[in-house]
Amino acid sequence: MNIVKLNGSFDAIDPFLDAVAHWQQDYIKLDDSPFSAEFEQYVSSDFHIGRVRLSGHVLQTGAPIAGAVSLALFDDDLPGTFIRNRELVGGNFGIADDGQQGALYFNTHADLLIFTVPVSAIHGFFG
Amino acid sequence: MAGPRLTASARKAAFQALVAAMPSFTGQPADQVKKQCIEAIYGAMTIDASPSLIDEEWAYHHDMVLQFIKGAADSTLGLSELIVELDVNRRRLSMHVSDTFGLTLVKFLKLIRINRARRQIHECGAEASVTDIAHDAGLTHAGRFSQEFEDVFDELPSDAAERSKSRLKT
């Protein structure tokens, strides 16, 4: 099974939402700060990994695809960016288990590496 | 699953290693890439038995927010009627929205509906009038809607509709 690369760069929310409709997430823009988004994603039949950079003041809701766990890492601390109410600073990282709401919320920006794998791969790892 | 933890430096190292490796993913066997990713991320983790990552109180409040977002998008009820219809605790919802997003419930409701109208305009183009879309979203004052829409999206709804119309034509 091969890996397919998807990528895009957007300076308005609607084209971005069209491009990532398969993520099945909802985005609500919460103020007048400019929105922009950039993503690079590698997709296979049972996992995907990608970097997404977003700016604006936005609430994103939605769960990982059924049967999967999503994990988000970040490079520099992101004060004002939360996943499931955990601010992405220090040793924190974002995780949404199967069926859980991811709830990414950012005040100004987010720069995340998102890794989504089947639940079995995670539970297999942890035994 | 017990609570996995990353040190900030391990998290950063895993992030940077995977970003650097990403260009090489295309064309590689998927299983091999998946293994590489899992090892990079989970190899940096420690597992402890400290309290769960899941904040139950937050999850409870967030469920209320999701219920509110859905209710706000699906109906044209005013705030008080919507709260009654959804049977949610207004005070707790209000505090959560204020603490988390820095918004009043009234403002949050308006933003949900303006975002919904924006999406409708984008999807419908000229198939429906902007006034009808705003009305269907529960935003009944046309002049105020235009102003508030522009405040959030930096363009008038009529301009967004024109752009959408051109996009749908091509």
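Chain letters run A, B, ... following the sequence lines, proteins first and then strands; every chain starts at 1.
- In this structure, Y105(A) and T100(B) approach most closely via the heavy-atom pair CE2-O, 3.3 Å.
- Put simply, CG on D31(A) and CG on L103(B) are 8.5 Å apart, with the number rounded to the nearest 0.5 Å.
- Considering all non-hydrogen atoms of both residues, T26(B) and K5(A) come closest at OG1-CB, 4.0 Å.
- Distance check: Q100(A) CD to H62(B) NE2 gives 10.5 Å after rounding to the nearest 0.5 Å.
- There is no contact between R116(B) and chain A, counting heavy-atom distances below 4.5 Å.
- The main-chain N or O of V152(B) is found under 3.5 Å from a side-chain atom of K29(A) such that the two form a donor-acceptor pair.
- When side chains are defined from C-beta on, I41(B) does not count as touching F93(A), because their heavy atoms never get closer than 4.5 Å.
- Clustering ILVMFWY residues whenever any of their side-chain heavy atoms sit less than 4.5 angstrom apart, transitively, puts I13(A) in a cluster other than the one holding L156(B).
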Residues K12(B), D75(A); criterion side chain to side chain contact (heavy atoms under 4.5 Å, CB included); working and verdict: CA-CA 5 Å; K12(B) 193 178 172 80; D75(A) 188 358; 3.0 Å; yes

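- Hydrophobic cluster membership is shared by V4(A) and W23(A), with clusters built from Ile, Leu, Val, Met, Phe, Trp and Tyr side chains linked at under 4.5 angstrom.
- Closest approach of I28(A) and L111(B) over heavy atoms only: CG2-O, 4.3 Å.
- When all heavy atoms are compared, the tightest approach of S44(A) to A30(B) is OG-CB, 3.1 Å.
- Residue D99(B) places its CG atom among more than 12 non-hydrogen atoms of other residues, nucleotides or ligands, all under 6.0 Å distant.
- Clustering ILVMFWY residues whenever any of their side-chain heavy atoms sit less than 4.5 angstrom apart, transitively, puts M64(B) in the very cluster that holds L30(A).
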Side chain to side chain contact (heavy atoms under 4.5 Å, CB included) between F101(B) and N107(A), intermediate numbers included: CA-CA 8 Å; F101(B) 311 125; N107(A) 263 311; over 6 Å; no

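- In this structure, the portion of L112(A) lying under 4.5 Å from any heavy atom of chain B is its backbone and not its side chain.
- Looking at H57(A), only its side chain comes within 4.5 Å of chain B, counting heavy atoms on both sides.
- The two residues R118(B) and D14(A) have their closest heavy-atom pair at NE-OD2, 2.7 Å.
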Verdict with reasoning, L113(A) to M22(B), per side chain to side chain contact (heavy atoms under 4.5 Å, CB included): CA-CA 11 Å; L113(A) 188 136; M22(B) 278 164 65; 4.1 Å; yes

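- Residues F25(B) and V19(B) fall within the same hydrophobic cluster, defined by Ile, Leu, Val, Met, Phe, Trp and Tyr side chains chained together at heavy-atom separations under 4.5 Å.
- Note: F74(A) and F15(B) fail the aromatic proximity criterion, with ring centroids not under 6.0 Å apart.
- Note on E150(B), K107(B), R119(B): by heavy-atom pairs under 4.5 Å with chain A, the leading option is R119(B).
- Residues R11(B) and D77(A) come closest through the heavy atom pair NH2-OD1, 3.6 Å.
- Using a 4.5 Å cut-off between heavy atoms, N7(A) makes no contact with chain B at all.
- No part of I114(B) comes within reach of chain A, as not one of its non-hydrogen atoms sits under 4.5 angstrom from that chain.
- For the residue pair H122(B) and D18(A), a side-chain donor N or O sits within less than 3.5 Å of a side-chain acceptor on the partner.
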Criterion side chain to side chain contact (heavy atoms under 4.5 Å, CB included) on V65(B) and T61(A), from CA distance to verdict: CA-CA 10 Å; V65(B) 168; T61(A) 59; over 6 Å; no

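- Put simply, L93(B) and W58(B) are part of two different groups of oily side chains (I, L, V, M, F, W, Y) that touch within less than 4.5 Å, one to the next.
- At a 4.5 Å heavy-atom cutoff, the contact between D151(B) and chain A is made by backbone atoms alone.
- Within a 6.0 Å radius of CD in E85(B), other residues, nucleotides and ligands contribute 12 heavy atoms or fewer.
- To the nearest 0.5 Å, atoms CZ (F47(A)) and CG (D31(B)) are separated by 8.0 Å.
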